[in-house]
2 protein chains.
Amino acid sequence: MKDARKIKDLLYEQVARIGKVFSSPKRLELIELLCQGEKTVETLAREASISVKLTSSHLRELRMAQLVETERQGKNILYRLANKSVADLWVQVHTLAEERLVDLQLALQKIATQPDDLVANDRESLLKAARKGEVVVLDVRPSEEYLNAHLPFARSIPLEELRQRLAELPKDRSIVAYCRGPYCLMAVDAVTLLKQEGYTAIHLREGVAEWALASSTT
Amino acid sequence: MKDARKIKDLLYEQVARIGKVFSSPKRLELIELLCQGEKTVETLAREASISVKLTSSHLRELRMAQLVETERQGKNILYRLANKSVADLWVQVHTLAEERLVDLQLALQKIATQPDDLVANDRESLLKAARKGEVVVLDVRPSEEYLNAHLPFARSIPLEELRQRLAELPKDRSIVAYCRGPYCLMAVDAVTLLKQEGYTAIHLREGVAEWALASSTT
DNA sequence: TTTACATTCTAGTAATCACTGGAATGATTA
DNA sequence: TAATCATTCCAGTGATTACTAGAATGTAAA
C-alpha cells in the first residue's frame, strides 16, 4: 500500500485541528475563562477585551473542534467546555510553556511582586492548614465562578468587593488568595491591597483547573 | 493599571507559542518520531516523507519553542525531545483529539481491520500475561528504537525482518504487536502478516510514549 | 412588535504559514 | 582536498489566519 502516507497525513491533520485551537492567544484566554464555568458570549467578550463578533468566531473554532458545548438559556447562549480533559489540556499546555519558555518565566516573575507564591507540592500542607483554620483561603473571582467550583475550604470575596469587606478577614492569620490561574491578575491585586491594609497575604498561583488536575494525578 | 491587558496578552502569547508547535500535522509527526528516541534530520525527513530542508525548518520551530535539543555526533546532528513532558503533551493532545473528533475516530476504526485493539485498562492484565509468558509482546519498530526504550517483556523483530524471522515466534500463544503509536501502521501490517501465517496476533495501539504516560499517572 | 442576544455573510486588510527551489555557508570526516 | 550532513538566505506561491466593519438573519423574552 502506498496510500499509507495519505492515511497518516489524514490522521495527523485531525490531531492538528486540536493543536490549532491552542495556537491563538485569545482562544487560550477564552478557554481559561471557560475553565471557571459556563459563560455567555457577552461575558467572555468583556473579560477577554475583544468584540462580541470576534469572540463568536473564536467560539466557533472551539465548537468545530468539539471542545465546547452550547446551551440556550433564554436570550443568552451559554458556552461551556465539553469535557474535563479540555481544562486539563489547557493546564498541561501552559505548564509546559512555563517549564520551557524563559520569556514566560521572566514575565511571570515580574507579576509576583514578592517571591511569595505557593508552589505545587505545598498543596497538601495548604489543605491541612486550611482545614484546621490556620490560614484563610480566599477566592477573589466573581461569585458565580466561586459557586461553580472552588478550592476546598475557600471563602468568596470578589476582588471588587474586597475593600468594603475587609472586616470579614482576620488579621492574625495568613490569607491565601487565588483567582483564575497564573495569568489572572486578580489575586495579585488582592494581595497588594491586603498587605497595604496590614494583613498577612500570600498569592496562590493555582486556580481551580490547575488544582483539579494536580489532585487527580496524585 | 490599564496595562493589565498588555501583560495578559503577553502571557497568553507565550503559551500560544507552544500551541503553535502542535498546530502543524508534519510537526506532530516529527514529535511522534522523536518520542521513539533521538534521530538525525535525514532520518526524520525520510520517515515523515518530507524534504530535509522542510524538516530542518520544522525542527527550527521546535527548537525555538525549546521543545527539542540538539547534539552534534560526527557529521550528523541528533535531535531529541527536551523533556518527558513534551512526549506527555503529545500523547495528551492526540488522546483528546481521539476523544472529541468523530472524523478521527472513524479514520482510526478503518485502520484496525478487526476490532482487536487492546484498550488502556488492559495494561495491567497484559503486563501480567507477558510476565508469565502467556503472550508474546512484539516490538516491530526499527531496532534502534527498541533499544532506546520498549515495553516491559517486549521482544524486538523489526517489521522489515518479520517475514524471515517468523520461526522465532510461537504458534501456541498470542502475539501482541505494537509500534510507535496509534498513527503508525507498522503493527497493523505485522498483525496482518502474522494472521496470514497462522499466528494468533493482536494489535496494541499504544506505543512507548502512551504507555509511559499511562504508567506514570496510575 | 420591539428589544436584546447571537450568529452569519460579505468584504477587506495585514500578517503569517507551509512548502518549494536555488544558491551559499559551515562543520565534520575521510 | 573532496564528500557528507545540515543550516541559512533569498525569493516566490498559495493558503490560511486574525481582526475589523457593515448588513442581514435568527431566536427568544417583554
Side-chain angles (χ1 to χ4, degrees), chain A residues 5-6 8-10 12-31 33-34 38-65 67-80 144, chain B residues 5-6 8-10 12-31 33-34 38-65 67-80 144:
Chain A
R5 200 60 324 269
K6 278 188 200 161
K8 278 194 184 183
D9 286 348
L10 206 147
Y12 289 109
E13 208 177 287
Q14 290 296 316
V15 182
R17 283 175 62 190
I18 302 292
K20 283 203 185 85
V21 169
F22 287 81
S23 69
S24 149
K26 283 299 173 194
R27 232 143 36 214
L28 292 177
E29 191 164 357
L30 292 175
I31 290 171
L33 287 165
L34 289 170
E38 50 187 15
K39 293 186 181 294
T40 64
V41 180
E42 254 199 330
T43 312
L44 289 166
R46 184 168 15 86
E47 298 269 12
S49 316
I50 50 177
S51 73
V52 169
K53 213 149 38 175
L54 183 54
T55 309
S56 201
S57 91
H58 278 309
L59 290 169
R60 195 164 161 270
E61 301 287 318
L62 283 161
R63 225 185 323 150
M64 289 197 309
L67 300 187
V68 300
E69 288 172 354
T70 59
E71 188 194 325
R72 178 130 230 157
Q73 198 134 94
K75 272 190 262 189
N76 300 309
I77 295 181
L78 291 176
Y79 278 81
R80 77 173 76 92
E144 312 88 67
Chain B
R5 202 55 329 266
K6 278 187 200 162
K8 278 193 185 184
D9 285 349
L10 205 146
Y12 289 109
E13 208 177 287
Q14 290 296 316
V15 182
R17 284 176 60 191
I18 302 292
K20 283 203 186 84
V21 168
F22 288 81
S23 70
S24 149
K26 283 299 172 193
R27 234 146 31 217
L28 293 177
E29 190 164 357
L30 292 175
I31 290 171
L33 287 166
L34 289 170
E38 50 186 15
K39 292 185 181 295
T40 64
V41 180
E42 253 200 331
T43 312
L44 289 165
R46 185 170 12 89
E47 298 270 13
S49 317
I50 51 177
S51 73
V52 169
K53 212 148 41 174
L54 183 55
T55 309
S56 201
S57 92
H58 277 309
L59 289 170
R60 194 164 161 269
E61 302 286 318
L62 282 162
R63 225 184 325 151
M64 289 198 309
L67 299 188
V68 300
E69 287 172 356
T70 59
E71 187 194 325
R72 179 129 230 157
Q73 199 135 91
K75 273 191 260 187
N76 300 309
I77 295 180
L78 291 177
Y79 279 81
R80 76 172 77 91
E144 312 88 69

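Chain identifiers are assigned alphabetically (A, B, ...) following the order of the sequence lines, protein sequences preceding nucleic acid strands; residue numbering begins at 1 within each chain. If you're wondering where the values come from, they're calculated on a predicted model, not measured in any experiment.
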Say you draw a straight line from [atom1] of [X] to [atom2] of [Y]; how long is it, rounded to the nearest 0.5 Å?
X       : Y       : atom1 : atom2 : value
A/Thr70 : A/Glu38 : OG1   : CD    : 11.0 Å
A/Gln73 : A/Glu71 : CD    : CD    : 5.5 Å
B/Leu62 : B/Arg27 : CG    : CZ    : 7.0 Å
B/Glu13 : B/Arg17 : CD    : CZ    : 9.5 Å
B/Ile31 : B/Leu67 : CD1   : CG    : 6.5 Å

Contact under 4.0 Å: [X] side-chain N or O vs [N] OP1/OP2:
X       : N     : result
A/Arg60 : C/dT8 : yes
A/Asn76 : C/dA6 : yes
B/Ser56 : D/dT7 : yes

Calculate the interatomic distance between [X] atom [atom1] and [N] atom [atom2]; express it in whole Å.
X       : N      : atom1 : atom2 : result
A/Leu78 : C/dT7  : CG    : P     : 11 Å
A/Ile77 : D/dT25 : CD1   : C1'   : 13 Å
A/Tyr79 : C/dC5  : OH    : P     : 15 Å
B/Glu42 : D/dT4  : CD    : C1'   : 9 Å
B/Glu13 : D/dA18 : CD    : C1'   : 13 Å
B/Arg46 : D/dT4  : CZ    : P     : 16 Å

- Contacts of A/Lys26 meeting salt bridge (Lys or Arg N to Asp or Glu O under 4.0 Å) (sequence neighbours excluded), chain-then-number -> A/Glu29, B/Asp9
- Note on the structure: Bend of the helix from C/dT1-D/dA30 to C/dA30-D/dT1 from end-axis comparison, five pairs per end, nearest 10°, comes to 30°
- Message: Counting primed atoms plus P, OP1 and OP2 as sugar-phosphate and everything else as base, spell out the protein contacts along nucleotides 14-30 of chain C at 4.0 Å heavy-atom distance: B, S or - for each nucleotide, 5' to 3'.
- Response: ---SSSSBB----SBS-
Any donor-acceptor pair under 3.5 Å from [X] side chain to [Y] backbone:
X       : Y       : result
A/Ser23 : A/Lys20 : yes
B/Arg63 : B/Tyr79 : no
A/Thr43 : A/Lys39 : no

